[in-house]
Amino acid sequence: MSDKIDSGEILKSLGKYDLDISNFLPEHKGPKLVLNFNKISTISQVEGVILKGHEIENGVIADIIIKEGTVLEDPIHLCFGVNKETGLQEIFPRIIAEDNSSVTLQAHCSFPNAKNLIHKMFGHIYIGKNCKFVYNETHFHGYTGGATVAPVSYVYVGENSYFENNFFLTQGTIGRMKIQIDIYAFKDSIINSNVKAFGKNSLDSIRVRDAVFLEGENARSIIKMKAAAIGGGEVMMFGITEGNAANTTGHVDCTEIVKDRGSRCRAIPLIRATDESCHITHEASLGKVDSAQLNALMARGLDEDEATDLIIKNML
Amino acid sequence: MSSDVLLSVKDISILSEDRQCNIVDTISFDVMEGSIHSIIGPNGAGKSTLGYAIMGVYHPCSGKIFFKGKDITDLSITERAKRGITLAWQTPARFDGLSVYDYIGVGVKDKNLIEQRVREALEIVNLDPDVYIKRKVDANLSGGERKRIELASVIAMRPKLVILDEAEAGMDLIVLESFMDIFNKIKELGMTILLITHREDIGMVSDNSTLLWEGKVLVNGPFREVMLHYCEKAGLKQICNRTLFERFDQFINGIIKDET
């Protein structure tokens, strides 16, 4: 099952995209599960974490349990890589963070050579009471635009827990991408969800649905969605927040920049309150770069294109 | 101070968006190289509009703007910046993800000098470079910090003409004192300042002033003379005589004492 050369190759392919992967290379001792296409190439565990993988016909079931009270300084690393040009990869992560645990989970999805490659994920994350759980997912799909990627995640955040989601899709060419994350927040929990996506050309079609359901009293959430579409790329952001319990507070913030002919951005914020004590808000802006920002940079000598590129690069 | 004219505004007029009136009406004045020239006047007089027109944000419907003797009326903001004009905005923009270092450094032409210029500029505006360089120019900065970073960015750029649009607005009194020093430091670095303000105590640092009133120039000249007109026009002559000019004289005497 162990195949450190392959996992190293996949990880190093991430390095092409200016990422610091030093903490995730095979020699790093932290907990990890690394796949090469539909085979498990590396699993390593640490005390307090159970990590198991089961290979299935077109993918892998990954079970992760963070035991009660476990506090990890190193992130748990999941690397779902495919060096092949074509194929189907299906991943089923089942993650449980027991009460009073604190962990960061870093997922890298790398498909550097994709021409007709499909990656699907169907994940469940169960977070207990008084936990801190940070989930970072970063994708790299090469430059050919041949990837079709469809991750779906359901997250259940227990009482008085903090869940942070950082989903970044900004490097290389994306291809077709459809992301869905539904987060159920229970009593006194806090949700901080950040999505960044960059459609760079007409091959890129990105759809993101980021939903928070505030099911427990005093639960709070913020969804921040930032996107840019240039060169004919297309991005749609669907930000949902529902306040379904007393004193819940939520906000959806969506900023999308459009540049070049044929590029398209859409934002659909959907907010709902079913209790008079809820306070749910949204804010969205789409279109060209803010003129105050443009003028500020042009007054320092940048032309409009340079200023726009700098603003997009830093926003994402 | 050089006796050369750096900026010459000739009879410019700017129409309101609804094209019903002139926000700025046939304005003319000169700014001498190496000087601090203030544009003063009440709220709504057209001061900021005039500043934005010089920067190229607004374009006049008539009249010309000359910079170092060259007509720049039709040039873009970028082209004017490349010729040596910049503006510190009254309400500076905020940028997600952009570091203070990158924002201040964006106008430095020689990329080898960026770090030196950024650090030096932050020190001039009394911000610790080690604390601020990695911070972001976003909503986490206070209004005062953002204003100082805006000043630092124009200082690092080293333009020939700096337009300061109410750089002091929203500042507390303690900070205002240091702003006088910052303006003088900018002047010492060889930059000419066009200071847009409606505060007479800030205008005191200027060598010359232009008083705008309802979009027109009432008077050009030395600051004290212009202020007299301002007070007369506003019906504040007695107050001006009692308070403003006492403070003005103290200010001038203070400078004379420092120089001796």
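Given the structure is predicted, the values throughout are model-derived calculations rather than measurements.
Neither the backbone nor the side chain of B/Glu79 comes within contact range of chain A, judged by heavy atoms closer than 4.5 Å. Looking at A/Lys226, the atoms closer than 4.5 Å to chain B (heavy atoms on both sides) all sit in the side chain, from C-beta outward. For chain A, the nearby part of B/Arg94 is the backbone; its heavy atoms alone come within less than 4.5 Å. Contact annotation for B/Ile85: only backbone heavy atoms (N, CA, C, O) come within less than 4.5 Å of a heavy atom of chain A. Proximity to chain A (any heavy atom under 4.5 Å) is restricted, for B/Tyr103, to the side chain, taken from C-beta onward. Of the atoms belonging to B/Ser153, heavy atoms from both backbone and side chain fall under 4.5 Å from chain A. For B/Val57, the part lying near chain A is the side chain, with the backbone staying farther off; criterion is any non-hydrogen pair under 4.5 Å.
Note that the OG1 atom of B/Thr78 and the CG atom of A/Leu297 stand 9.5 Å from one another [nearest 0.5 Å]. Note that CG of B/Leu98 and CE of A/Met315 are 12.5 Å apart. Values are rounded to the nearest 0.5 Å. Note that CD1 of B/Ile104 and CZ of A/Arg300 are 10.0 Å apart. Values are rounded to the nearest 0.5 Å.
Closest of all the heavy-atom pairs between A/Asn295 and B/Trp89 is O-CZ2, 3.5 Å.
For B/Lys64, the salt bridge (Lys or Arg N to Asp or Glu O under 4.0 Å) criterion is met by B/Asp71, not counting sequence neighbours.
Most heavy-atom pairs under 4.5 Å with chain B: of the set A/Leu294, A/Leu316, A/Ile311, A/Asp303, this distinction falls to A/Asp303.
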